[in-house]
Amino acid sequence: MIQSNQRYDTLAAAKGWTPGTNGDFKNSQIAEIFGKNTLTLESLRERLPKVVWKELKNTIEDGKQLNSSVADAVALAMKEWASEKGATHYTHWFQPLTGATAEKHDSFITPNQGGGAVAEFSGKELIQGEPDASSFPNGGVRQTFEARGYTAWDPTSPVFLIENQNGKYLCIPTAFASWTGEALDHKTPLLRSVEALDTQAKRALKLFGKESNRVVSTVGCEQEYFLIDQEFYYRRPDFVSSNRTLVGAKPPRGQELDDHYFGSIPDRVLSFMLEAERELYKLGIPVKTRHNEVAPGQYEIAPIFENCNIAADHQQLMMITLKRVARNYGLECVLHEKPFDGLNGSGKHLNWSMSTKDGDNLLEPGESPHENMQFLFFFSAVIRGVYKHQDLLRASIAHAGNDHRLGANEAPPAIISAFIGEQLEDIIQQLLNGGLKESKQSGLMGLGTPVLPSLPRDAGDRNRTSPFAFTGNKFEFRAVGSSQSISFPITVLNTIVAEAIDELCTKLEGSVENEGLEESLGKVLRDSFKETKSVIFNGDGYSDDWQVEAKKRGLLNLKTTADALPTLTDKKNIDLFEKYSVLSEREVHSRQEIFAEQYVTTLNIEVDTTEAIARTMVYPAAIRYLNELSTAVKDAKELGINPKGAESMLVTVNNALNQLSEALTGLTEAQEGLGTGTILETGMEYKETLIPAMNKVRDAVDLLERFTADDYWPLPIYREMLFVK
């Protein structure tokens, strides 16, 4: 008997959405709502005594330690502001090493002696919280039975309100540490790395005769994501458990026509985007760009640059908001790096630069980069950091989801190299040849008709195949995965550049007094570029030739998470983190343990889900179809009709079923004996044994999808999920 297929009901539900059901935002003015749910510095200033405000400002803008005596005044101002907005609870909002955020809510209400209640919030409650740390990843820094953990207020990141239709609560960005003081989160080492970079960058600026109260790294992060109709999403066990499709045949039409990229945004998706942007504006997140991405169903949103710590907080809020708002439109926002096999995956391009307190971009080359010695110094420091710590940069973006994307001719390769463009490559070559003479100029570009204006041409083209590209006045770390926190990649960038600046400053300080700044700097830069030039590559990172060339240059090719994570605890990396007080040796080891365990756990979930789908959904559906074909062949023969076509299909489906059966047996056998070594050894075993076995099951399932009757197939297919909006 033919089974009724709920995919057809799903199609009707997906097409049944109508605009205008989730609010009218046409009259919303950005200026009126921007930062509405964030306690801005200006609003806080109006609520605090001048002396308190001055001390708080010194902490926020200059990194000075906060005097605990001002905490009560700040807490009172925060509570009053939140209460006026309708908030009844507060939470210390922190970012454990799960990669997500965490929160425990407490009410402002405190009972009084008269039997009533009053709204209170003290400085002590603002500064420190004590959530249970027992269930968060710790990587061996404490025993399982030890539960105490502390959250500590981060005054450099503004507090904000989270709201839904039933109420609001106050979120206080905090760091998270164990009872013994180790960082159990992403924020703590990030803030430490900010201090390391600030110290070394100010030291360098003094050599150039400049003073600055504060230097920070600034970040703007492009977020790619997919939107899938919820009806499809929840009928796919792989999406629900793994956030990606573990089986699924490539559709006749994917992204081959190149028609989705920058195309017209569908009404339903645009409505979602408008509401999501409105919610982000209210949180003070300066989103600027939205567009269709390359793959069908794929989109991008990007903010402008912010202080790296605030940008990291905002990036977490952005992911949360996108997923929450999508559900208002019957959609699911999928942040996995590779939700669909055969289509482009999603990244999170991390644009990184350095800026003084006054807003001077230290990576701004100006009109004549060859004359801008300050720029060349900081630029060379970044190149030096990338060269010395390719392994750390690769490890900072290593996780199971990103392994599907890196090096797949849609994303940068796993080889870490730096694209710098023709102009800067020429300047470096001049420097190596003995002196700087000129910078290649770009000029204007005519378009062949007087009705179109001549456009200013950049000095060099962009390179989409580079994992780490200089793009005008910033570096773009393009290898970051779409689902991950950006905090650890920023922490690594800040730290390796701080070390490089330190090394270059030490060399300069040893010679500038005798030789003068310009001559000493020329020698230091020349020596540094001689040492590090092998990491500079302006060519096609997708080509096989680059794989060969990179090996000749001595560059690392850590293709998977299992290959990259062991380098995290190399002596040079532990020494680096400890020297600049970013991570202790114990904290580095704990992160390696946590990241490796997350890799193994993710693969375990995917293997179990793949097996369950194959055994309990695909296999039975194919058997039913096989029975129907068998009956058709038998009936045709009894009627004296040639059943050649039905027999051919019967054999094809039966062979595919046999292939699936063999693949499932192989998957079961592949799991035997795994996991007896260290977590790193287990990760390598999974990479070499379990993933290939799981892929064979997928191949067999995808083959059956191509030959099984559509009304028997139990899963929403790619064609529906990608194009029904």
Side-chain angles (χ1 to χ4, degrees), residues 96-99 135-144 178 182-186 189 242 337-338 388-407 413-416 479-481 483-485 487-489 491-492 495-496 555-578 582-608 667 669-695:
L97 293 171
T98 58
S135 296
F136 290 109
N138 69 85
V141 299
R142 56 168 177 74
Q143 298 296 321
T144 303
S178 70
E182 284 90 6
L184 295 177
D185 67 339
H186 285 297
S242 304
E337 286 71 22
K338 193 72 169 179
K388 290 188 64 177
H389 297 290
Q390 309 156 45
D391 55 343
L392 263 185
L393 284 172
R394 177 64 183 90
S396 76
I397 47 89
H399 57 97
N402 220 13
D403 283 357
H404 297 283
R405 175 176 163 264
L406 296 181
I415 303 166
I416 300 297
V480 181
S483 67
Q484 75 175 114
S485 165
S487 292
F488 191 51
T491 298
V492 169
T495 308
I496 66 176
L555 301 183
L556 298 173
N557 188 2
L558 305 171
K559 294 183 177 181
T560 70
T561 297
D563 299 310
L565 286 182
T567 68
L568 200 56
T569 52
D570 286 353
K571 185 178 185 303
K572 78 173 184 68
N573 295 331
I574 291 176
D575 290 346
L576 168 77
F577 285 127
E578 288 200 314
V582 173
L583 289 167
S584 67
E585 181 175 0
R586 197 176 181 199
E587 288 171 332
V588 176
H589 277 280
S590 75
R591 276 153 179 76
Q592 183 186 64
E593 183 88 5
I594 290 167
F595 298 157
E597 186 174 338
Q598 289 169 346
Y599 175 73
V600 168
T601 301
T602 298
L603 292 179
N604 269 329
I605 292 170
E606 291 186 351
V607 165
D608 290 348
L667 183 61
E669 292 174 350
Q671 296 176 70
E672 295 174 359
L674 294 182
T676 57
T678 67
I679 193 66
L680 289 175
E681 290 169 344
T682 300
M684 188 61 70
E685 289 175 339
Y686 275 39
K687 182 200 85 168
E688 295 175 348
T689 304
L690 210 53
I691 291 178
M694 183 170 63
N695 289 340

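Note: hydrogens, waters and symmetry copies are ignored here, and every other heavy atom, side chains too, is used. Small disclaimer: the values here were computed from a predicted structure and weren't measured.
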Practice task
Spell out, as yes or no, whether a donor-acceptor pair under 3.5 Å connects the side chain of Gln592 to the backbone of Leu565.
Solution key: yes
Exercise for the section: Measure the OG1-CE distance between Thr561 and Met684 for me, rounded to the nearest 0.5 Å. Expected result: 10.5 Å
Fill in the blank from the handout: Nearest heavy-atom approach of Ala398 to Ala564 is CB-CB, 4.1 Å
Fill in the blank from the handout: Between His186 and Leu97 the two heavy atoms that sit nearest each other are CE1-CD2, 3.6 Å
Fill in the blank from the handout: salt bridge (Lys or Arg N to Asp or Glu O under 4.0 Å) pairs touching residues 681-694, sequence neighbours excluded, are Asp563-Lys687
Exercise for the section: Keeping the roles fixed (side chain from Gln671, backbone from Leu667), state whether a donor-acceptor pair exists under 3.5 Å. Expected result: yes
Problem - His404 side, atom NE2; His399 side, atom NE2 - distance, nearest 0.5 Å - result: 10.0 Å
Exercise for the section: Give a yes or no answer on whether the side chain of Ser590 reaches the backbone of Glu587 with a donor-acceptor pair at less than 3.5 Å. Expected result: yes
Practice task
Have a look at His389 and tell me which of Thr567, Ile416, Asn573 forms a side chain to side chain contact (heavy atoms under 4.5 Å, CB included) with it.
Solution key: Asn573
Practice task
For residues Thr569 and Ile574, determine if any side-chain heavy atom of one lies less than 4.5 Å from a side-chain heavy atom of the other.
Solution key: yes
Exercise for the section: State whether the side chain of Glu337 and the backbone N or O of Ser483 hold a donor-acceptor pair below 3.5 Å, judged by distance alone. Expected result: yes
Completion exercise
Distance col, row Thr601:OG1 vs Ile594:CD1, nearest 0.5 angstrom, shows 11.5 Å
Practice task
Report the C-alpha distance between Glu182 and Ser178 in whole Å, list the side-chain angles of each, state the deciding distance to 0.1 Å, and finish with yes or no for side-chain hydrogen bond (donor to acceptor under 3.5 Å, both in side chains).
Solution key: CA-CA 5 Å; Glu182 284 90 6; Ser178 70; 3.0 Å; yes
Completion exercise
On a heavy-atom basis, the closest approach of Arg394 and Asp403 is NH2-OD1, 3.6 Å
Problem - Val492: which of Leu576, Leu392, Val582 passes side chain to side chain contact (heavy atoms under 4.5 Å, CB included) - result: Leu392
Handout entry: Spacing of His589 atom NE2 and Glu585 atom CD [to the nearest 0.5 Å]
Key = 4.5 Å
Exercise for the section: Would you give the length of the straight line joining atom CG of Asp391 to atom CG of Leu558, rounded to the nearest 0.5 angstrom? Expected result: 7.0 Å
Exercise for the section: Find the distance between CG (Asp608) and CG (Leu603) and round it off to the nearest 0.5 Å. Expected result: 11.0 Å
Problem - Partners passing ring pair (Phe, Tyr, Trp, His ring centres under 6.0 Å) against Tyr686 (at least two apart in sequence or in another chain) - result: none
Problem - Under 3.5 Å: donor-acceptor pair, side chain of Asn402, backbone of Ala479 - result: yes
Exercise for the section: Return the set of residues passing ring pair (Phe, Tyr, Trp, His ring centres under 6.0 Å) with Phe488 (not counting sequence neighbours), or none when no residue passes. Expected result: Phe595
Problem - Side chains of Arg591 and Leu583 in contact at under 4.5 Å (non-hydrogen atoms) - result: yes
Practice task
Would you check if Ile397 and Gln484 make a side-chain contact, meaning some heavy-atom pair closer than 4.5 Å?
Solution key: yes
Problem - For Thr676 against Gly673, the heavy-atom pair lying closest together - result: CG2-O, 3.7 Å
